[in-house]
2 protein chains.
Amino acid sequence: MSITNVVRRKRVARENYHHGDLEAALIDAALDLVRQTGPDHLSLRAVAQQVGVSPSAVYHYFPDKDSLISRVGDKLFIDLANMQREALAQIPGISARAAKLRYRELGRTYFRWANKEPNLFRLMFGGFCKIEREGDHQGNDAFLMLTKCLDDLLDTGVISKSMRKYGELLSWTAVQGASTLIVEGHLPEAAFEDLLDGLDLAMRAGNMRAGSK
Amino acid sequence: MSITNVVRRKRVARENYHHGDLEAALIDAALDLVRQTGPDHLSLRAVAQQVGVSPSAVYHYFPDKDSLISRVGDKLFIDLANMQREALAQIPGISARAAKLRYRELGRTYFRWANKEPNLFRLMFGGFCKIEREGDHQGNDAFLMLTKCLDDLLDTGVISKSMRKYGELLSWTAVQGASTLIVEGHLPEAAFEDLLDGLDLAMRAGNMRAGSK
DNA sequence: GTCGGTATCTGAATAGTGTTCAGATTATGG
DNA sequence: CCATAATCTGAACACTATTCAGATACCGAC
């Protein structure tokens, strides 16, 4: 899709005094520095310097440093959702096999994102960004994609109705937890594929009228 | 040897100049401040002041602030394991029912810990403490307790051998992920009991010779 | 008991931080 | 074209982590 463009002004961004789109530039610079230094250890002044602007200029766009970090988080959630969307687009088809592959790839993308940039992952889930609507994932693209994947698994008979009920919850929490535990060194990297295997098995629970209540 | 300055050596803490056990006092004070302010926003000077000591005194026990925070993390992991041990001790018995209750309570304790003190939970899993032996959970008490719980579930016929294989991985990651997502506001608090229900169902997968390969 | 050595802690200093605010600079609407 | 608003600067303030020379209290040995 298109990038967040410079729509504010109708002319081209100046290079001299006025920056053009300082807000976005600050977010990008902050993202870059967080990737290197971690969400703690981020310096507001370093962000300003990277953009080539005075530290006080930041306060025209963000009330404080934490707000800037929070905005970085917003951007990261969008980026992750886009990456997941792209991953899903690579696996078309309505077969059970395709649905299973999509489901796996959705989790893998989540984990790869976390594992490639631990500091950005920590920023997203380390209490640095304030979630606006608590526990409300309507309109959350990533959640909707997961829902779609699970619906496909149900429609193709891969998972049972009883398991479908817990699909989002179980998948999201397990993938999220595995990402955290691997990134923080509590589990080896190879554990993630094992987890996906375990999730596949788990999701088949309740199938075949598995009697035992 | 005179009586006056003898016996006081290793036992009692001094109150005057020498603190007695400054190292532990600093860790405790840091823990207390992190609970209030979060792992970022922790001030070394505030820690020193709370103990009633000069900021530079800290550097006799820790090379820098991050090391102090890391030591707080070590303590928290021990505390969590102890809390889980106590929770398990309340539910004795070798029946399937007891084993199921223990398994559930183990996850609940993990989550309660996270949910009651979000800032401490963030300290543990937010990249603030350096894990010594990466991905090696031999000797990790919490992990051993989980293993024991799962063995009991297998022995009492609650879970299948095929599912047992993924028991630790699936349980730990799901509970960890749910704790994070709830603490950070992405899921409502009530979702955790739902997750435990889903986990119960998932764990029964592979039981009853559930044919479908 | 006194003395020397050592571990422990202080005080001051340095460099860097987030944040505020009066004012300089530039762009824009009337 | 000018007044007004938007944008950014520079200096200042209080605070931070960290270093280091030196003061203080303890310890074991004499």
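The sequence lines fix the lettering, A, B, ..., with proteins before strands; numbering per chain opens at 1.
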Query raised in the report: For C:dC9, does OP1 or OP2 lie under 4.0 Å from any side-chain N or O of B:Ser54?
Result: no

Requested in this report: Check every atom of D:dA17, C:dG18, C:dT20 against the side chain of A:Ser56 and return the nucleotide holding the closest atom.
Outcome: C:dT20

Query raised in the report: Looking across every strand, which nucleic acid part, if any, lies under 4.0 Å from A:Leu68 by heavy atom: base, sugar-phosphate, or nothing?
Result: nothing

Query raised in the report: Distance check: side-chain N/O of B:Tyr59 vs OP1/OP2 of D:dC20, anything under 4.0 Å?
Result: no

Query raised in the report: On a plain distance test, is the side chain of A:Arg45 in donor-acceptor contact with the base of C:dG18 below 3.5 Å?
Result: yes

Query raised in the report: Under the 3.5 Å rule, do the base of C:dG16 and the side chain of A:Ser43 count as making a donor-acceptor pair?
Result: no

Report task. If the plane angle is over 60° it's perpendicular, under 30° parallel, otherwise tilted; pick one for A:Phe125 and A:Phe77. Result -> perpendicular

Query raised in the report: Within this structure, what is the NE2-to-P distance between A:His41 and D:dT16, rounded to whole angstrom?
Result: 15 Å

**Report entry** Rounded interatomic separation in angstrom, taking NE2 from A:His60 and P from C:dT20
**Finding:** 12 Å

Query raised in the report: B:Asp66 has an atom CG; how far is it from atom P of D:dT16, in whole Å?
Result: 16 Å

Query raised in the report: How is B:Tyr61 classified with respect to the nucleic acid when contacts are heavy atoms under 4.0 Å: base, sugar-phosphate, or nothing?
Result: sugar-phosphate

Query - Criterion salt bridge (charged side-chain N to carboxylate O under 4.0 Å, His left out) on B:Asp151 and B:Lys148, from CA distance to verdict - result: CA-CA 5 Å; B:Asp151 284 342; B:Lys148 177 70 167 54; over 6 Å; no

Query raised in the report: Taking CG from B:Leu26 and P from D:dA17, how many angstroms apart are they, rounded to a whole number?
Result: 13 Å

**Report entry** Verdict with supporting geometry, B:Arg104 and B:Asp197, salt bridge (charged side-chain N to carboxylate O under 4.0 Å, His left out)
**Finding:** CA-CA 9 Å; B:Arg104 250 185 125 86; B:Asp197 292 341; 2.7 Å; yes

**Report entry** B:Asp66 and A:His41: CA distance, side-chain angles, deciding distance, side-chain hydrogen bond (donor to acceptor under 3.5 Å, both in side chains) verdict
**Finding:** CA-CA 10 Å; B:Asp66 287 349; A:His41 300 104; 3.1 Å; yes

Query raised in the report: Which comes earlier along DNA chain D counting from the 5' end, the contact point of B:Leu42 or that of A:Pro55, where each point is its nearest nucleotide?
Result: A:Pro55

Query - Proximal nucleotide (of C:dT19, D:dA17, D:dC8) relative to the A:Asp64 side chain - result: C:dT19

Report task. Counting heavy atoms from C-beta on, name the nucleotide in C:dC9, C:dG18, D:dA17 closest to the side chain of A:Lys65. Result -> C:dG18

Query - Rounded interatomic separation in angstrom, taking CZ from A:Phe62 and C1' from C:dG18 - result: 15 Å

Report task. Look up atom CD in B:Glu193 and atom CG in B:Leu199, then write down how far apart they are to the nearest 0.5 Å. Result -> 11.5 Å

Requested in this report: Take atom CG of A:Leu22 and atom C1' of D:dA6, then tell me their distance rounded to the nearest Å.
Outcome: 13 Å

**Report entry** B:Gln49 CD to C:dC9 P, straight-line distance once rounded to whole Å
**Finding:** 17 Å

